[in-house]
Visitor: 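To start, I am sharing the structure in question, which I have written as structure tokens.
Here is the naming used below: chain letters follow the sequence lines, and residue numbers restart at 1 for every chain.
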Amino acid sequence: MDKTIIVDHLVKNFEITKREKGLISGISTLFSPQKKIVRALKGISFSIEQGELVGFIGPNGAGKTTTLKILSGLLFPTEGFTQVMGFDPWERNPEFLKQISLVMGQKNQLWWDLPAIETFELNKAIYEIPEKKYKDSLQELVSLLEVENLLNIQVRRLSLGQRMRLELVASLLHQPKVMFLDEPTIGLDIIAQKKIRDFMSDFNRKNGATILLTSHNMDDVSQLAKRVIVIDKGQILFDGKIAELVNSFAKNKMIKIYFSKEIDIKKLESIGKIKKIDMPEVTLSVPRETSTLAAAELLQNYPIADLNIEEEPIEDVIRRVFKGELKAKK
Amino acid sequence: MKKYLSVFKISFQQEFAYRVNFIMWRIRNVLQLFLVFFLWDTVFSGQDKVIFGYDKARILTYVFGLLIIRAFVLSARAVDVAGEVANGDLSNYLIKPVSYFKYWLTRDLSSKALNLIFAAFETAVLFIILKPPFFIQTNIISLTGFFVSTALAMFIYFTILFISSAIPFWIPEVAWGAQFLTTAIFIEFLSGAVFPLDILPQVFQNILNLTPFPYMIFFPLEVYLGKIAGLDLLKGVVISFIWAIILWIGMNSLWKKGLKVYQSQGR
């Protein structure tokens with residue numbers, strides 16, 4: 001298989017000036033700045049094959065955006081090796097730039113005072129897109145993202161959701177082979193989020209584009225990505241199928257019980273944490289290792305009609321990823 | 001370079017996006033012209049006065065020329081570059097197959113072209129109303145020298161702007177301050193945009209003539225007025241050409257270093 005993206009022992013350090021609050025210390029930093037090295041990436045390695053859609057998840061400040069910026073040639077890596085489609089991103093070879101796209105949910109490229117179509121025309125020239133390809137590409141993107149009626153309206157008059165979809169059109173007109181999406185659904189309402197999600201999954205399937213996506217939106221990750229890379233404090237904690245994420249990180253299992261008679265629910269607390277009560281159904285959360293023991297104990301001591309042991313929902317695991325609660329397994 | 005033609009086009013449209021603003025700006029320009037005209041017309045009224053080697057026609061032409069050259073040389077869209085470096089908007093261009101420098105140069109030229117069209121129109125109107133005793137240069141060498149030195153002036157200003165715009169790579173919070181220092185202090189005073197430089201003591205002038213500043217405003221104007229000609233003209237053009245090259249090289253190496261420490265902030 002073709003490795004589209006290769007990252008090997010990538011390190012990125014930032015030098016920042018420390019600031020303290022207050023006017024006096026503000027002035028003193030002006031004359032004797034306190035430099036501090038922030039280690040944003042501590043030697044991460046991974047590779048992505050052509051056509052994969054990979055979710056890059058982790059808490060704020062984990063290094064996700066930094067990685068995307070290095071891969072798109074914006075940042076100079078401190079150490080390590082990166083390669084995208086055979087190019088060194090940092091060289092910013094025009095042939096490389098013509099085949100990638102970086103979409104940042106909070107940065108815009110559309111010309112604020114002009115209708116979006118003007119920016120599209122500009123991008124057509126910048127990316128040297130042939131007339132026919134441009135027309136087809138525009139037609140396709142515009143209908144997929146349902147923005148036909150917005151093309152000739154001054155960008156400043158559009159809502160955030162409308163603008164974001166037009167931003168996507170602008171970023172994808174040149175039909176990139178590799179896409180880096182940084183929080184593409186941030187700040188959007190649920191309907192707009194869904195439109196963008198559906199679109200990305202379509203785009204990935206139809207064009208065989210390789211997509212690396214970061215998001216804090218649970219649905220973005222669980223519905224789009226088959227593979228996830230979990231990163232925290234500049235290190236990779238997990239890299240694999242999203243289904244395996246649960247196996248690796250779920251600390252608890254859920255026991256769903258249907259009681260045949262009324263029981264004293266308080267007593268159940270000695271066995272596990274009560275997650276949900278909807279008599280006669282009760283859901284308990286118990287540590288993974290002792291789940292079978294707990295089930296046996298329940299069956300022995302309580303009037304039970306049915307009992308199921310289930311995995312912790314994937315959403316719960318991902319939520320813990322966002323909070324930075326996961327620790328690397330030995 | 002079809003790319004940059006498109007940049008030129010969209011930039012032109014952008015200028016018209018705020019129509020009222022644009023009209024007000026042009027009105028201000030015309031009023032300024034009137035004001036300056038009447039001021040100097042009064043100062044030189046009556047006799048055939050000559051002050052600092054300028055007669056009425058020449059000082060009026062200097063002042064008008066100043067307004068026009070300023071509008072070309074010192075008006076640059078690229079003043080926004082420092083802000084883009086500081087707030088990370090630069091990233092938008094770095095990920096595209098486009099040269100950031102050429103992009104802004106094109107936007108500048110587009111803005112200047114617009115300026116030229118309107119300034120020509122306004123000056124024509126002014127001419128009809130006031131019938132001022134302008135000094136019209138007819139010498140072909142002086143005119144050529146004028147155009148060459150104006151083009152060099154624009155390039156020099158542009159590179160100086162790009163050099164000062166690179167400071168936020170290292171100190172993002174000085175975006176505005178860096179611009180102010182270079183444009184307002186150095187360039188305004190040392191280029192002849194406030195007063196003709198030949199009223200300064202000769203020693204100062206000699207030193208100043210080795211810096212790039214006088215070549216941005218004063219030199220092209222004096223060439224037009226015919227006060228600098230022959231060998232001095234050649235010398236000036238050569239010096240500003242050398243500066244253009246030095247600044248161009250300096251700018252490139254500075255930006256190369258700057259991009260390495262660029263943090264692409266604002267997410």
Visitor: More than 12 heavy atoms of other residues, nucleotides or ligands under 6.0 Å from NZ of B:K9: yes or no?
Guide: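 At most 12 heavy atoms, drawn from other residues, nucleotides or ligands, come within 6.0 Å of this atom.
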Visitor: Does atom CZ (B:R26) have a neighbourhood of more than 12 heavy atoms from anything else shown, all under 6.0 Å?
Guide: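 More than 12 heavy atoms, drawn from other residues, nucleotides or ligands, come within 6.0 Å of this atom.
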Visitor: Is the number of heavy atoms from other residues, nucleotides or ligands within 6.0 Å of CZ (B:F121) greater than 12?
Guide: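 Count not over threshold, so no.
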Visitor: Look at atom CZ of B:F241 and say whether more than 12 heavy atoms of other residues, nucleotides or ligands are closer to it than 6.0 Å.
Guide: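 At most 12 heavy atoms, drawn from other residues, nucleotides or ligands, come within 6.0 Å of this atom.
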Visitor: Just checking heavy atoms, which of residues 99-117 of chain B are less than 4.5 Å from chain A?
Guide: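 Heavy-atom contacts from residues 99-117 of chain B to chain A are B:Y103, B:R107.
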Visitor: Of the listed residues (A:I100, A:N93, A:N123), which shares the most heavy-atom pairs with chain B below a 4.5 Å separation?
Guide: A:N123
Visitor: So, using side chain to side chain contact (heavy atoms under 4.5 Å, CB included) as the criterion, who are the partners of B:F204 when residues are at least two apart?
Guide: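 Applying side chain to side chain contact (heavy atoms under 4.5 Å, CB included) to B:F204 gives B:L200, B:P201.
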Visitor: Measure the spacing between OH of B:Y262 and CG of A:L74 and express it to the nearest 0.5 Å.
Guide: 6.5 Å
Visitor: Got a second to check how far B:S264's OG is from A:L68's CG, nearest 0.5 Å?
Guide: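 If we round to the nearest 0.5 Å, B:S264:OG and A:L68:CG are 10.5 Å apart.
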Visitor: Any idea which of B:I10, B:V261, B:L90, B:D89 has the most non-hydrogen atom pairs under 4.5 angstrom with chain A?
Guide: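 Result: the option with the highest number of such pairs is B:I10.
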Visitor: About how many Å separate CD of B:Q14 and CH2 of A:W112, when rounded to the nearest 0.5 Å?
Guide: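 Here the rounded value is 12.0 Å.
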Visitor: What residue, out of A:E95, A:H174, A:E118, has the most heavy-atom pairs lying under 4.5 Å from chain B?
Guide: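 The residue among A:E95, A:H174, A:E118 with the greatest pair count is A:E118.
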Visitor: State the CD-CH2 distance between A:E15 and B:W170, to the nearest 0.5 angstrom.
Guide: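 Rounded to the nearest 0.5 Å, the CD-CH2 separation comes to 12.0 Å.
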Visitor: Just checking, is any N or O donor in the side chain of B:K96 or A:Q109 under 3.5 Å from an acceptor N or O on the other one?
Guide: yes
Visitor: Look up atom OG in A:S101 and atom CD1 in B:I95, then write down how far apart they are to the nearest 0.5 Å.
Guide: 6.0 Å
Visitor: Contact part of B:L259 toward chain A, heavy-atom cut-off under 4.5 Å: side chain, backbone, both or neither?
Guide: both
Visitor: For A:K98, I'd like to know if atom NZ has over 12 heavy atoms of other residues, nucleotides or ligands within 6.0 Å.
Guide: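 Yes.
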Visitor: Shorter than 4.5 Å, heavy atoms on both sides: which option in A:K12, A:E128, A:K124 has the most such pairs with chain B?
Guide: A:E128
Visitor: Should we say atom NZ of A:K133 is surrounded by more than 12 heavy atoms from elsewhere, each under 6.0 Å from it?
Guide: yes
Visitor: Could you list the donor-acceptor pairs under 3.5 angstrom formed between side-chain atoms of residues 77-90 of chain A and any protein atom two or more places apart in sequence or on another chain?
Guide:
{"unit_1": "A:T78", "atom_1": "OG1", "unit_2": "A:N13", "atom_2": "N", "d": "2.8"}
{"unit_1": "A:D88", "atom_1": "OD1", "unit_2": "A:W90", "atom_2": "N", "d": "3.1"}

Visitor: Mind running side chain to side chain contact (heavy atoms under 4.5 Å, CB included) on B:Q13 and A:D113 for me, showing each step along the way?
Guide: CA-CA 9 Å; B:Q13 284 171 299; A:D113 299 314; over 6 Å; no
Visitor: Tell me whether B:F22 at atom CZ has more than 12 heavy atoms from other residues, nucleotides or ligands lying less than 6.0 Å away.
Guide: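 Atom CZ in B:F22 is packed in, count exceeds 12.
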Visitor: Just to verify, what does A:E121 make a salt bridge (Lys or Arg N to Asp or Glu O under 4.0 Å) with, not counting sequence neighbours?
Guide: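 Per chain and number, A:E121 pairs via salt bridge (Lys or Arg N to Asp or Glu O under 4.0 Å) with no residue.
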Visitor: Going from CG on B:L5 to CG on A:L122, what distance comes out if it is rounded to the nearest 0.5 angstrom?
Guide: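 Taking CG in B:L5 and CG in A:L122, the distance rounds to 11.0 Å.
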Visitor: Are A:I126 and B:P97 side-chain neighbours, meaning at least one heavy-atom pair lies under 4.5 Å?
Guide: yes
Visitor: Closest heavy-atom contact between A:A125 and B:K2?
Guide: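 Nearest pair, atom of A:A125 first, then B:K2: CB-O, 4.3 Å.
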